[in-house]
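Please read all numbers here as calculations on a predicted model, not as lab measurements. We count ligands from 1, going down the list as the structure has it; atoms in each ligand are counted the same way. No hydrogens, no waters, no symmetry mates; every other heavy atom, side chains included, goes into these values.
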Amino acid sequence: MQRILFVLLAVAMSLAGTSAVFAYGGHAGPEPKGEALLLVTFGTSVPKAQKAFAHVEKKMKTAFPDTEIRWAYTSHIIRKKLAEQGKQIDSPEIALAKLMDEGYEQVTMQSLHMLPGAEFHEVYTNAQLFEDMSGGIKNIRTGYPLLVDNQSMDLVLDAVFTQIVPKERKPEDAVVLMGHGTHHPSDAIYSAMMYKAQEKDANCLVGTVEGFPTFDEVLAKLQAKGVKKAYLIPLMTVAGDHSINDMASDEPDSWKSQLTKAGIEAVPVMHGLAEFDAIIDIWIKRLKASMLHKHPGK
Ligand code: CO
């Protein structure tokens, strides 16, 4: 008799669902859904620069046709600015909470940041917590940002030279890549990129707005080489605020103005990296490979 009661109890509990440890009933969870891809970027409030994101989305939809694609911006300031214009963009945490609430069980979060800096580490940490939650997302993968290792630096430089550097550039003209720079230890990646750039093309240099190498270091190298003309290219996902103001504006402290003052003709190339197929293909290839790995780097 006791045995029958036990079996009945077990059946009742399994019918009530897995949450029956403490309660008798429990609410039914959302209907399980398939895979979602959450694209996470710093964001931009420059409408022209946002076209790069539309391009990324189109390419991702083609590469992953059965996957729900969502966006999140890590920049609070940009989200606030866009909200004031009536455009609501989620933070990564809100986007993950929505996916969890809707029943997505497999979520891949792809960072569209340049390198694994402060924003990347924050979203990576928080995404893992969504997996640990009760009723959380079953499996969350996080894809590394663009520049993470030797191979990715080579791939990005290849893409820059095949798709971004204007065809009319002569070998004696410099190609100057302008990165953002960060106070995070990953700032060292820009110096590694400078080394790789110099190996690829003696007249290709890398500088940053807020980190190292500095613009002054770049300028000193250009002067030592006797460069007369330099193409300025953003080493950023989109050609947004920094490209417009710090790189290409007529303000006296912009890179263009400072080069002009030094007698070097500056030609800004106003395109973000995410506008180019060769760059998006790096992310897509990595995403396809990462389907085998739960955590980045493993
Ligand atoms: Co900035």
The criterion is side-chain hydrogen bond (donor to acceptor under 3.5 Å, both in side chains); which residues satisfy it with D187, sequence neighbours excluded?
none
Determine which pairs satisfy side chain to side chain donor-acceptor pair (under 3.5 Å) with at least one residue from residues 259-273, sequence neighbours left out, and list them in order.
H271-E275
Using modelled atom types only, decide if a donor and an acceptor are shared between the side chain of K229 and the backbone of K170 within a distance under 3.5 Å.
no
Could you tell me whether the side chain of S257 and the main chain of E251 form a donor-acceptor pair under 3.5 Å?
yes
Grab the two heavy atoms, one from R169 and one from D201, that are nearest each other, plus how far apart they are.
NH1-OD2, 2.8 Å
Among all residues two or more places apart in sequence or in another chain, which pass the salt bridge (Lys or Arg N to Asp or Glu O under 4.0 Å) test with K61?
E57
Protein N/O/S atoms closer than 2.8 Å to the Co ion (ligand 1), ordered by chain and number, come to H180 NE2, H242 NE2
